[in-house]
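The structure appears right after this line, and notes come after that.
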Amino acid sequence: MTISGKAKLAGVMGWPVGHSRSPRLHGFWLEQYDIDGAYVPMAVRPEHLQAALRALPKLGFRGCNLTVPHKEAAIPLLDRIDDAARHIGAVNTVIVEADGTLTGRNTDAPGFIANLRQGAPGLTLDGATAMVIGAGGAARGIVAGLIEAGVVEIKLANRSPEKASAIAHGFEPYVVTVPWDERADRMDDLDLLVNTTSLGMTGQPPLDLPLDGLPRKAVVTDAVYAPLETDLLARARARGNPVVDGLGMLLHQAVPGFAAWFGVEPEVTEELRRHVLGA
């Protein structure tokens, strides 16, 4: 890969952004497909998000990914958003159009489902019951993906009941809210448990969620991928539950953005996974 003055540019905006493996991921594809381009991390404070987004076309960027805490905040700052992003209420991919306007998309839902199917092939989502922890941008995408895949009931637990209620209202009748202090007592019928919060991420405290009442057949997955095995996944694995880490969601959700920015639809392979992990 070479980088010239006409290189195609993209990146990831977050605060913090140092944990993101997206630069390593997209860098692998750029090298694999011999594309003259670069993908860079951009640490953007929440109060500077609008200015950073509007600077993308001026700096020659084709677009960017958004990570915490920008996925929801970006919506009113963009010129248009696709139907999935509008329904989910969060954007994770921004495309700079030929006229310099900004389009927001959400690829979290298909990325999450593709990772779940790959990591837990024995899990049947059609007719399943799930619990989702958290009510941020990632939660909305994951809830949408689960419903589309056939999950019939999603129990949503979040410290802020207002945010949980907002998601439940948007995805009636599939989502029911669970009070935070009852989360551990409402897991006895689950087929799937999902953490969508940043708790458990490197530098953050672990997720406080006892697993005593969780059926051992239930699959446990975490949207966090740094570290690859969070405290939640380690505890679930130790008691015999199937677990799926969050890295595959990152890999699969990245495909549409890369295709839009760099003109090639890339493949998600085991070689890519090893590279992103630094192996």
Side-chain angles (χ1 to χ4, degrees), residues 1-45 48-49 52-53 55-71 74 91-97 102-108 110-112 114-115 118-119 137-138 141 198 201-203 222-230 244-279:
M1 180 187 70
T2 58
I3 299 177
S4 71
K6 295 183 178 180
K8 299 174 181 178
L9 302 176
V12 55
M13 290 186 189
W15 188 260
V17 79
H19 69 279
S20 176
R21 286 191 168 94
S22 290
R24 190 168 177 86
L25 159 60
H26 288 276
F28 176 88
W29 281 333
L30 288 169
E31 189 76 35
Q32 180 181 24
Y33 297 106
D34 194 27
I35 295 171
D36 182 11
Y39 183 99
V40 298
M42 295 174 280
V44 176
R45 292 179 180 271
H48 297 154
L49 179 60
L53 288 169
L56 289 173
K58 299 174 185 176
L59 296 173
F61 277 70
R62 300 290 185 95
C64 70
N65 287 122
L66 298 175
T67 186
V68 291
H70 300 324
K71 291 185 175 187
V91 167
N92 72 337
T93 303
V94 177
I95 312 295
V96 176
E97 305 292 355
L102 304 178
T103 297
R105 301 174 62 185
N106 192 301
T107 63
D108 280 339
F112 173 78
N115 182 43
Q118 184 177 42
S198 60
M201 182 184 293
T202 301
D222 204 320
V224 170
Y225 58 85
L228 191 62
E229 182 160 274
T230 60
V244 179
D245 64 61
L247 181 62
M249 178 179 174
L250 171 75
L251 306 183
H252 286 282
Q253 65 80 30
V255 170
F258 187 92
W261 304 322
F262 300 114
V264 174
E265 184 164 340
E267 290 185 85
V268 174
T269 62
E270 188 58 35
E271 183 184 5
L272 171 67
R273 181 180 171 89
R274 291 195 301 269
H275 176 81
V276 171
L277 289 173

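Both backbone and side-chain heavy atoms feed into the values below; hydrogens, waters and symmetry mates do not.
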Which residues pass the salt bridge (charged side-chain N to carboxylate O under 4.0 Å, His left out) test with Glu229, not counting sequence neighbours?
Arg237
Nearest 0.5 angstrom please: Leu251 CG to Leu272 CG, how far?
5.0 Å
Provide the closest heavy-atom pair for Gly119 versus Val244 in the form atom of the first, atom of the second, distance.
C-CG2, 3.7 Å
Close side-chain approach of Lys71 and Asp108, heavy atoms under 4.5 Å
yes
Got a second to check how far Gln253's CD is from Asn106's CG, nearest 0.5 Å?
9.0 Å
Would you find a donor on one side and an acceptor on the other, under 3.5 Å apart, between the side chain of Thr202 and the backbone of Ala226?
yes
If we only count heavy atoms from C-beta on, is the Asn115 to Tyr225 side-chain gap below 4.5 Å?
no
Answer yes if the ring centres of Trp261 and His26 are under 6.0 angstrom apart, and no otherwise.
yes
Within 6.0 angstrom of Glu265 CD, more than 12 heavy atoms from elsewhere:
no
Can you tell which of Leu56, Val40, Val12, Val96 makes a side chain to side chain contact (heavy atoms under 4.5 Å, CB included) with Cys64?
Leu56
Please report the interatomic distance NE2(His48) to CE(Met13), rounded to the nearest 0.5 Å.
12.5 Å
Taking all atoms of both residues into account, what is the closest heavy-atom pair of Arg105 and Pro256, and its distance?
NH2-CB, 3.9 Å
Is any side-chain heavy atom of Leu30 less than 4.5 Å from a side-chain heavy atom of Phe262?
yes
Hey, could you give me the CD/CD distance between Glu271 and Gln32, rounded to the nearest 0.5 Å?
6.5 Å
Would you say His70's side chain and Val44's backbone share a donor-acceptor pair under 3.5 angstrom?
yes
Just by distance, with hydrogens left out, do Asn65 and Ser22 show a side-chain donor and acceptor under 3.5 Å apart?
no
Residues Asp245 and Leu247: closest non-hydrogen pair is OD1-N, 3.0 Å
Nearest heavy-atom pair of Ala74 and Leu66: which atoms, and what distance?
CB-CD1, 3.4 Å
Output the distance between atom CZ (Phe112) and atom OG1 (Thr107), rounded to the nearest 0.5 Å.
13.5 Å
Evaluate the side-chain proximity of Leu102 to Leu53: yes if any heavy-atom separation is below 4.5 Å, no if none is.
yes
Minimum-distance pair of heavy atoms, taken over all atoms of Ala7 and Gly37:
CB-CA, 4.0 Å
Just by distance, do the side chain of Arg21 and the backbone of Leu250 share a donor-acceptor pair under 3.5 Å?
no
Trp29 and Ala254: which non-hydrogen atoms are nearest, and at how many Å?
CZ3-CB, 3.8 Å
CD of Glu31 to NE2 of His275: how many Å apart, nearest 0.5 Å?
8.5 Å
